[in-house]
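Comments concern the structure below.
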Amino acid sequence: MILPGETLGVLGGGQLGRMFCEAARTLGYKTIVLDPDPDSPAGDVADRHLCANYEDEFALQEMSNRCAAITIEFENVPATSMRYLSQRCQVSPSPEALQICRNRIREKHFLCDHDLPTAPFAVVTNENQLEPAIRKIGVPALLKTATGGYDGKGQTFITEEAQIESAFCELGRTPCVLERHLELSLELSVVVVRTADGASCCYPVAENQHISGILDTSIVPARIPSSLARQASHLATRVADSLNFNGVLAIELFVVNEMLLINEIAPRPHNSGHYTLNATVSSQFEQQVRMLCALPPGDTALLSPAVMCNLLGDLWESAIPPWENMLQQPTAKLHLYGKRKARRGRKMGHFTVLEQDIERALRISQEIKQSLASSLPP
Ligand SMILES: Nc1ncnc2c1ncn2[C@@H]1O[C@H](COP(=O)(O)OP(=O)(O)OP(=O)(O)O)[C@@H](O)[C@H]1O
Ligand SMILES: [Mg+2]
């Protein structure tokens with residue numbers, strides 16, 4: 001066990017890294033962040049910020065010398081860096097799990113190999129595979145880059161077969177997955193916590209609403225039959241078991257014709273799990289600390305129904321949003337990530353509304369969103 005007083009490291013200095021550092025600090029750990037951005041949100045709250053690239057050998061060596069254990073905040077860190085660190089100190093997730101989850105092609109093959117359901121897909125790595133792929137999958141379809149995509153980036157929507165050539169070109173002729181674009185009745189996610197000896201527990205299922213490929217709102221508990229919620233948790237546990245995962249993992253699910261399909265695996269805490277900062281006994285970030293330090297998991301029980309909404313840079317378009325409007329609502333909890341520059345589509349913060357009645361929580365969250373957008377041009 002790695003106990004409070006020790007130093008923990010995180011690769012990636014965005015909001016997920018920041019919330020990891022805050023949880024670690026609350027428990028009495030020291031933290032070091034590696035991120036090339038001098039203005040990183042996590043760097044601001046960590047004891048130390050190593051401002052260097054993720055491949056920088058000196059920085060990686062310094063991390064492994066100083067830290068008892070190291071984790072990540074996003075899967076686009078080079079698997080080679082994680083392997084280097086894993087030879088020198090405790091890491092989570094394992095380089096093997098990261099290698100699978102950071103690449104859509106490997107992720108899809110992994111899911112198929114373990115009889116885990118996905119949307120129909122075909123792999124495209126060169127021009128010759130375009131025609132057979134679109135013939136197999138049909139339209140409408142989505143072409144997604146195998147690596148580097150997030151928040152709907154690295155994806156092109158295809159409505160006619162002939163568009164596949166230009167879509168592949170637009171994405172830089174890099175390896176891709178072609179997926180059938182499905183009629184979704186709902187999107188769900190499950191965060192699961194798994195110890196090194198294979199014990200696991202799931203958080204309640206979140207119901208997620210996206211706008212333009214970016215998560216907008218998470219509603220917890222999801223408004224679905226309990227049998228579907230059980231199936232979702234069961235799938236999350238099967239994914240974690242199949243990866244022999246140790247740490248915090250999230251799966252994103254599509255509901256299509258009352259069937260569950262796995263969209264993506266995130267080998268880390270997830271945006272749709274931010275409600276756990278306020279609405280459950282232990283947050284997903286506390287669990288990340290606990291799993292990294294070989295401590296027992298905390299309780300995942302829900303203390304109150306919750307609605308979480310992301311705050312995107314769009315809200316900053318004409319001025320700083322009028323926070324005084326939302327701070328008047330006593331059941332809303334505001335989290336801002338301290339990012340210095342707001343950009344369209346950039347996640348700047350989120351808020352969570354806690355109410356016993358979930359529909360009331362939704363109504364209040366909509367009112368808050370409207371009040372924050374009130375200073376924007378129509
Ligand atoms: N095959 C599909 N059919 C219908 N909608 C889809 C499909 N794939 C993706 N989407 C929509 O686009 C959203 C983003 O897709 P996906 O999760 O693959 O992208 P991402 O950029 O990796 O996002 P994230 O920020 O979650 O990592 C999904 O949550 C869903 O709303
Ligand atoms: Mg996704």
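Just so you know, ligand 1 is whichever comes first in the structure, and atom 1 is the first atom listed for that ligand. Starting from 1, each residue takes its place in the sequence as its number. No hydrogens, no waters, no symmetry mates; every other heavy atom, side chains included, goes into these values.
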**Report entry** Of the listed options Glu264, His210, Lys144, Gln209, closest to atom 18 (O) of ligand 1 (non-hydrogen atoms)
**Finding:**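 That would be Lys144.
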
Query - Option of least heavy-atom distance to atom 22 (O) of ligand 1 (set: Glu187, Arg104, Glu75) - result: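 Going through Glu187, Arg104, Glu75 one by one, Arg104 has the nearest heavy atom to atom 22 (O) of ligand 1.
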
With a 3.5 Å cut-off and no angle check, do the side chains of [X] and [Y] form a donor-acceptor pair?
X	Y	result
Gln15	His274	no
Ser371	Glu367	no
His350	Asn271	no
Thr331	Glu355	yes

Backbone, side chain, both or neither: what part of [X] comes under 4.0 angstrom of ligand 1, heavy atoms only?
X	result
Asn263	side chain
His181	both
Leu142	side chain

Min N/O separation [X] to ligand 1 under 3.5 Å:
X	value
Leu182	yes
His270	no
Lys347	no
Leu184	no

Requested in this report: Kindly compute the distance separating CE (Met63) from CG (Leu8), expressed to the nearest 0.5 Å.
Outcome: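 Going from CE on Met63 over to CG on Leu8, the span is 10.0 Å.
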
With heavy-atom distances below 4.0 Å as the criterion, list the atoms of ligand 1 near [X].
X	result
Asp151	20 (P), 21 (O), 23 (O), 24 (P), 25 (O)
Gly213	14 (C)
Glu252	17 (O), 26 (O)

Report task. Would you check whether Gln155 reaches within less than 4.0 Å of ligand 1, judged by its heavy atoms? Result ->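 Contact check Gln155 vs ligand 1: positive.
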
Query raised in the report: the Mg ion (ligand 2) as vertex, arms to OE1 of Glu252 and OE1 of Glu264: angle to 10°?
Result: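 Nearest ten degrees: 90°.
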
Query - atom 28 (C) of ligand 1 within contact range, any protein heavy atom under 4.0 Å - result: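 Protein heavy atoms within 4.0 Å of atom 28 (C) of ligand 1 - there is at least one.
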
Flag the pair [X] and [Y] as a salt bridge only when some basic side-chain nitrogen lies within less than 4.0 angstrom of an acidic carboxylate oxygen.
X	Y	value
Asp216	Lys369	yes
Arg268	Glu75	yes
Arg104	Glu264	yes

Throw together a table of side-chain donor-acceptor distances under 3.5 angstrom for residues 111-121, partners on residues two or more places apart or in other chains.
residue, atom, partner, partner atom, Å
His114, ND1, Phe110, O, 2.9

Requested in this report: Verify the cluster assignment for Leu327 and Leu315: are they in a single hydrophobic cluster under the rule of side-chain heavy atoms below 4.5 Å apart?
Outcome: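 Leu327 and Leu315: one cluster.
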
**Report entry** Protein contact of atom 21 (O) of ligand 1 - nearest heavy atom, named by residue and atom, plus distance
**Finding:**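 So the nearest neighbour among protein heavy atoms is Gly152 N, 2.6 Å.
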
